[in-house]
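Scroll down for the structure; my scribbles are underneath it.
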Amino acid sequence: MNQLFKIYKILLKTYGQQGWWPLLELSNSSLPKNPNKTGSLNGYHPGDYSYPKTNDQQFEIVISTILTQNTSWTNVEKALANLQKENLLSPFALQSCSLPKLKQLIKPVGYFNQKANYLKEITKFYISLNGKVPKREELLNIKGVGPETCDSILLYAYKQPFFVIDSYTKRILYNLKIISKKQKYEDIQKLFQDNLPKDYKLYQEFHALIVEHAKQFYTNRKDGKTDFLLKL
DNA sequence: AACCAGGACGTGA
DNA sequence: TCACGTCATGGT
């Protein structure tokens, strides 16, 4: 069993299923609650990899990937709630929303001037897809969509096996000396995809577990405790 | 009260 | 290519 898969098994055993990507409409559902999760609305759905089930849920994930860029999820929840209150969590509705109003509604996520324009662009693209699965290159050509956002959309909104590499992933792998500082995004992604079965469920769970583990061990830690993954 | 959060873009060298 | 400044609200 390779090292990455060992890490996955240990993280899964340690933290349990994470239930990404969270959806606003599940906030008041009776799905099992993970008390460790950030965000108050509990849109997570641990163990259920069938989401998104509707086009609007798919669209919500797409715009959430833009909103959450360099921003905490609690702030994203506020913006999503604002949009939902105006019935804008659907592609054509959002497309017809005025830019100033959109900026106002997503203000809690920060960078709202940029992100409002990005949302407009990706909404137009989403509608043009007409239900088809986007290609990676197409997504990367959209302003506001970099590699991580692109792969998040493919993995969580479209269930395509693209591994998401975020700053947490790099931080952990570098600390474990699995990668070097100058490894590029696609190199690290290839490392995961070459050593794991091409299973979108596995990719979703693993990435979410990495985020959870990074929050536990790599942020606000002053006790100097070392990452238990080091002793593998 | 500085610092960070589920990044990406534009610029200059 | 690459390092660096910029975008901005809300939590600790």
Side-chain angles (χ1 to χ4, degrees), chain A residues 11 15 17-24 34 36-46 51-52 60-83 99-100 102-122 125 136-157 162-174 180-189 192 200 203-223:
Chain A
L11 291 180
Y15 301 111
Q17 293 175 308
Q18 299 299 299
W20 279 38
W21 190 280
L23 287 164
L24 198 55
N34 185 336
N36 293 324
K37 281 275 150 303
T38 56
S40 51
L41 297 181
N42 190 39
Y44 302 91
H45 41 91
Y51 292 99
E60 180 184 325
I61 295 175
V62 170
I63 64 176
S64 297
T65 64
I66 301 285
L67 294 174
T68 197
Q69 288 171 358
N70 203 34
T71 301
S72 63
W73 185 253
T74 52
N75 287 11
V76 177
E77 287 180 332
K78 297 182 206 301
L80 288 175
N82 288 343
L83 293 171
L99 195 56
L102 184 54
K103 289 181 180 179
Q104 184 64 31
L105 293 172
I106 68 169
K107 193 165 273 184
V109 300
Y111 315 115
F112 54 87
N113 287 304
Q114 295 180 343
K115 286 179 177 177
N117 285 303
Y118 297 162
L119 289 183
K120 284 291 190 181
E121 291 208 26
I122 202 162
F125 174 71
R136 193 168 192 274
E137 295 72 29
E138 295 177 321
L139 283 168
L140 288 174
N141 280 332
I142 301 171
K143 199 163 295 181
V145 178
E148 181 184 342
T149 302
C150 163
D151 291 325
S152 294
I153 292 172
L154 289 169
L155 180 60
Y156 289 104
F162 290 85
F163 207 95
V164 176
I165 308 300
D166 56 14
S167 54
Y168 289 144
T169 312
K170 295 176 190 169
R171 202 182 310 177
I172 293 177
L173 290 194
Y174 178 69
S180 67
K181 270 223 158 73
K182 57 185 177 186
Q183 300 255 50
K184 297 183 62 181
Y185 184 98
E186 275 76 13
D187 298 332
I188 307 172
Q189 183 182 49
F192 280 92
Y200 83 88
Y203 287 14
Q204 288 184 352
E205 196 64 74
F206 199 174
H207 171 245
L209 285 165
I210 286 172
V211 173
E212 182 59 30
H213 180 60
K215 285 176 176 172
Q216 302 269 346
F217 271 89
Y218 291 79
T219 1
N220 297 328
R221 176 164 292 279
K222 298 176 182 175
D223 56 15

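Keep in mind that this is a model prediction, so the values were computed, not measured. Reminder, nothing fancy here: chain letters follow the sequence lines and each chain counts from 1.
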Does A:S167 have a side-chain nitrogen or oxygen under 4.0 Å from the phosphate oxygens OP1 or OP2 of B:dA5? no
N/O donor-acceptor pairs under 3.5 Å from side chains in residues 105-113 of chain A, not counting sequence neighbours:
from: A:Y111; atom 1: OH; to: A:N70; atom 2: ND2; distance (Å): 2.8
from: A:N113; atom 1: OD1; to: A:K103; atom 2: NZ; distance (Å): 3.3

Expressed in whole Å, how much space separates the P atoms belonging to C:dT6 and B:dG6? 24 Å
Residue list, side-chain hydrogen bond (donor to acceptor under 3.5 Å, both in side chains) with A:R136, at least two apart or on another chain: A:D151, A:E186
Once you round it to whole Å, what is the distance between P of C:dC2 and CD of A:Q183? 12 Å
Choose from B:dA8, C:dT9, C:dA8 the nucleotide whose nearest atom is closest to any side-chain atom of A:N113. C:dA8
Show your reasoning for whether side-chain contact (heavy atoms from CB on, under 4.5 Å) applies to A:L209 and A:Q17. CA-CA 8 Å; A:L209 285 165; A:Q17 293 175 308; over 6 Å; no
Pick base, sugar-phosphate or nothing for A:Q114, based on heavy-atom distances below 4.0 Å to the nucleic acid. base
Does A:I106 reach a base, just sugar-phosphate, or nothing at all? Heavy atoms under 4.0 Å. nothing
Could you state the atom-to-atom distance from NZ of A:K115 to P of C:dG10 in whole Å? 12 Å
For the base of B:dG6, is there a side-chain donor-acceptor partner from A:Y44 under 3.5 Å away? yes
Options B:dG7, C:dT9, B:dC9, nucleotide nearest the side-chain atoms of A:Y118: B:dC9
Ring-ring centroid check A:W73 A:W21, cutoff 6.0 Å: yes
Indicate, with a heavy-atom threshold strictly under 4.0 Å, whether A:Y168 touches base, sugar-phosphate, or nothing. sugar-phosphate
Centroid separation under 6.0 Å, is that true for the rings of A:Y51 and A:Y156? no
For the side chain of A:F112, counting heavy atoms from C-beta on, which of B:dG6, C:dA8, B:dG7 is nearest? C:dA8
Test side-chain contact (heavy atoms from CB on, under 4.5 Å) on A:V211 and A:W20; report intermediate values, then the result. CA-CA 11 Å; A:V211 173; A:W20 279 38; 3.8 Å; yes
OP1 or OP2 of B:dG6 sitting under 4.0 Å from any side-chain N/O of A:N70? no
Looking only at non-hydrogen atoms, find the nearest pair between A:A208 and A:Q18 and report the distance. CB-CB, 3.6 Å
Base of C:dG10, side chain of A:K78 - is there a donor-acceptor contact under 3.5 Å? no
What integer distance in Å separates A:N117:CG from C:dT6:P? 20 Å
Can C:dG11 be described as syn, meaning its chi torsion is within 90° of 0, or is it anti? syn
What does A:V164 touch in the nucleic acid at a heavy-atom separation under 4.0 angstrom: a base, only the sugar-phosphate, or nothing? nothing
Strictly below 4.0 Å: does A:R171 bring a side-chain N or O up to OP1 or OP2 of B:dA5? yes
Interatomic distance where CD belongs to A:Q69 and P belongs to C:dT9 [whole Å]: 16 Å
Can you measure A:W73 atom CH2 to B:dC4 atom P for me and round it to whole angstrom units? 23 Å
Among the nucleotides C:dC2, C:dA8, C:dT9, whichever has the atom closest to the side chain of A:N75 is C:dT9
Separation between the P atoms of C:dA8 and B:dT11, rounded to whole Å: 16 Å
Would you mind reading off the distance between A:Q204 atom CD and B:dG6 atom P, rounded to a whole angstrom? 18 Å
Between CD of A:E121 and C1' of B:dG7 the distance, given in whole Å, is 16 Å
Decide if the gap between the ring center of A:H213 and the ring center of A:F217 is smaller than 6.0 angstrom. yes
Using ring centroids (six-membered ring only for Trp), state whether A:Y200 and A:F162 fall under 6.0 Å. no
Would you kindly give the NZ-to-P distance between A:K107 and C:dG10, to the nearest whole Å? 9 Å
Residue mapping more 5' on DNA chain B - nearest nucleotide basis, A:K143 or A:Y156: A:Y156
For DNA chain B, the dot-bracket notation using Watson-Crick and G-U wobble pairs below 3.5 Å, [ ] for pseudoknot-type crossings and | for other-strand pairs, is .|.||.|||||||
